[in-house]
Amino acid sequence: MVRVLDRNNLIRALKQVQRNKGAAGVDSMTVDELLDFLKQHWSKIRQQLAEGTYQSKPVLRVEIPKPDGRKRKLGIPTALDRLIQQAIAQIMQEEWEVDFHNNSYGFRPRRNAHQAIGYVQDTIREGYNWVVDCDLEAFFDKVNHDLLMTQLKAHHKDDMLLRLINRYLKAGVCINGIKQASLKGVPQGAPLSPVLSNVVLNNLDWELEKRQLRFARYADDFMVFVKSETAGKRVMSSLQRFVGASLRLTVNTQKSAVGRPWECNFLGFTFSRRGLRDLDKWIRRRLRCYILKRWGSKGYRMLRRLGVDRFLAWNTAKSAHGVWRLSGSPALTRALPNRYFRNLGLPEMATR
DNA sequence: CAATCGTCTTA
RNA sequence: AUAUAAGACGAUUG
Ligand SMILES: Nc1ncnc2c1ncn2[C@H]1C[C@H](O)[C@@H](COP(=O)(O)OP(=O)(O)OP(=O)(O)O)O1
Ligand SMILES: [Mg+2]
């Protein structure tokens, strides 16, 4: 709590909230009104936070369309609550980093989707040719408060902080003017929610580790790797049981399946067994167009002299099991955009 | 090469 | 029309 209320931490949080220019919460205070409000009321709020008497406002319910046509229920905290939560999140995410599993890649500092994809490819290369692809149903909305608080208490000694987080969980939602209690879930739109969601699924990570399974997780989307279809089916059903019984969450059966890694999507990337010859021929074609346009026939002669591989300079990599990864310069990625890879069912290109 | 804005992607 | 993290691109100021 002391570290949360540290001056530097608070101004970093304030800058982040202001930079986002997000919409107002239930009190209809905008982010540029926040600074004036803080000048007047901050000393009082700071004292309430230190004493554990601060009462947060409920979140504002706003619905936005999801890509599949359904609605996503956002919970927008007030600008002030976003500031306080961001200040907590900055401290919490660094403290939890040491306890989080290495194969969890979502919502974490210094980790990205490419690292998750890289791990997936290494795993496939080792001969794990069956995959259990899982997504959770309405993940944030269904997070169990008691389980989350138990998890937080086990790792965090600060009673004031725990109390404040609990108040945020129980702050309620405001749906067109009418306040409702929040009995479960973390709000989609609160700065603290992503790190709390990782705390919940950290249990799942270590359970998979205990069962000595290879996996990669990105938020609520995870892949577990096995070497046969029967093993995959067995893992899928035991996972459903574990997620339901121990985490009080449900696996989204529409978005989950046991299959071949090269037939499924993970983080918008597709894997393919297509051979290098096809790939090389296709890249050659694209490159010719790009180089002729950019440097004319001089560039084209240079390509012929150096060859595609040397020209790419950032090399194409081949794997033992026919899974390909390409890397390219930013300029090349612009010439060969990822949607071409997607349309052809090839793995996308990672810039480096 | 330090900082600040703007667009976009993944969950 | 919110949040986090990473990344890409574009622009600007010294
Ligand atoms: N735009 C967003 N704003 C805030 N949080 C988000 C947003 N998109 C996704 N999230 C968070 C909350 C989600 O529970 C979590 C997983 O996303 P996603 O799997 O797409 O939806 P979901 O799990 O809520 O519903 P479902 O999977 O049943 O369609 O990521
Ligand atoms: Mg989901």
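Reminder, nothing fancy here: chain letters follow the sequence lines and each chain counts from 1.
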Would you mind classifying the nucleic acid contact of [X] as base, sugar-phosphate or nothing, using non-hydrogen atoms under 4.0 angstrom?
{"X": "A:Lys21", "answer": "sugar-phosphate"}
{"X": "A:Gln16", "answer": "sugar-phosphate"}
{"X": "A:Glu63", "answer": "nothing"}
{"X": "A:Gly106", "answer": "nothing"}

Upstream residue (5' side of RNA chain C) when A:Asn20 and A:Ile64 are each assigned their closest nucleotide: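 Counting from the 5' end, the first nearest nucleotide belongs to A:Ile64.
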Contact nearer the 5' end of RNA chain C, comparing A:Pro109 with A:Gly75: A:Gly75
Partner set under side chain to side chain contact (heavy atoms under 4.5 Å, CB included) for A:Leu213, not counting sequence neighbours: A:Leu208, A:Arg211, A:Val224, A:Val226, A:Val235
NZ (A:Lys15) with more than 12 external heavy atoms under 6.0 Å: no
Residue A:Lys142 excluded, over 12 heavy atoms near NZ under 6.0 Å: yes
Tell me which nucleotide among [options] gets nearest to the side chain of [X].
{"X": "A:Ala23", "options": "C:A5, C:U2, C:U4", "answer": "C:U2"}
{"X": "A:Ala219", "options": "B:dA11, C:A1, C:U4", "answer": "B:dA11"}
{"X": "A:Arg82", "options": "C:A1, C:U2, B:dA11", "answer": "C:U2"}
{"X": "A:Ile76", "options": "C:A3, B:dC5, C:U2", "answer": "C:U2"}

Any residue of residues 160-174 of chain A with a heavy atom less than 4.0 Å from an atom of RNA chain C: none
Distance check needed: [N] [atom2] versus [X] [atom1], whole Å only.
{"X": "A:Trp96", "N": "C:U4", "atom1": "CH2", "atom2": "P", "answer": "20 Å"}
{"X": "A:Asp220", "N": "C:U4", "atom1": "CG", "atom2": "P", "answer": "18 Å"}
{"X": "A:Asp135", "N": "B:dT10", "atom1": "CG", "atom2": "C1'", "answer": "13 Å"}
{"X": "A:Gln90", "N": "C:A3", "atom1": "CD", "atom2": "P", "answer": "14 Å"}
{"X": "A:Phe100", "N": "B:dA11", "atom1": "CZ", "atom2": "C1'", "answer": "15 Å"}
{"X": "A:Gln93", "N": "C:A3", "atom1": "CD", "atom2": "P", "answer": "15 Å"}
{"X": "A:Asp221", "N": "B:dA11", "atom1": "CG", "atom2": "P", "answer": "7 Å"}
{"X": "A:Arg110", "N": "C:A6", "atom1": "CZ", "atom2": "P", "answer": "8 Å"}

Salt bridge (Lys or Arg N to Asp or Glu O under 4.0 Å) between A:Lys73 and A:Asp141, worked out: CA-CA 8 Å; A:Lys73 293 174 196 308; A:Asp141 303 333; over 6 Å; no
Note, A:Asp158 side chain near A:Leu162 side chain (heavy atom, < 4.5 Å):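 Result no, sub-4.5 Å side-chain heavy-atom pair not found.
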A:Gln85 vs C:A3: side-chain N/O to OP1/OP2 distance below 4.0 Å: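 So the side chain of A:Gln85 is outside the cut-off, no N or O lying under 4.0 Å from OP1 or OP2 of C:A3.
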Interatomic distance, A:Leu239 atom CG to A:Phe215 atom CZ [nearest 0.5 angstrom]: 10.5 Å
Short side-chain to backbone donor-acceptor contact, A:Arg111 and A:Asn102, under 3.5 Å: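 Yes, A:Arg111 side chain to A:Asn102 backbone: donor-acceptor pair under 3.5 Å.
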A:Tyr105 side chain to A:Asp221 side chain, donor-acceptor N/O pair below 3.5 angstrom: no
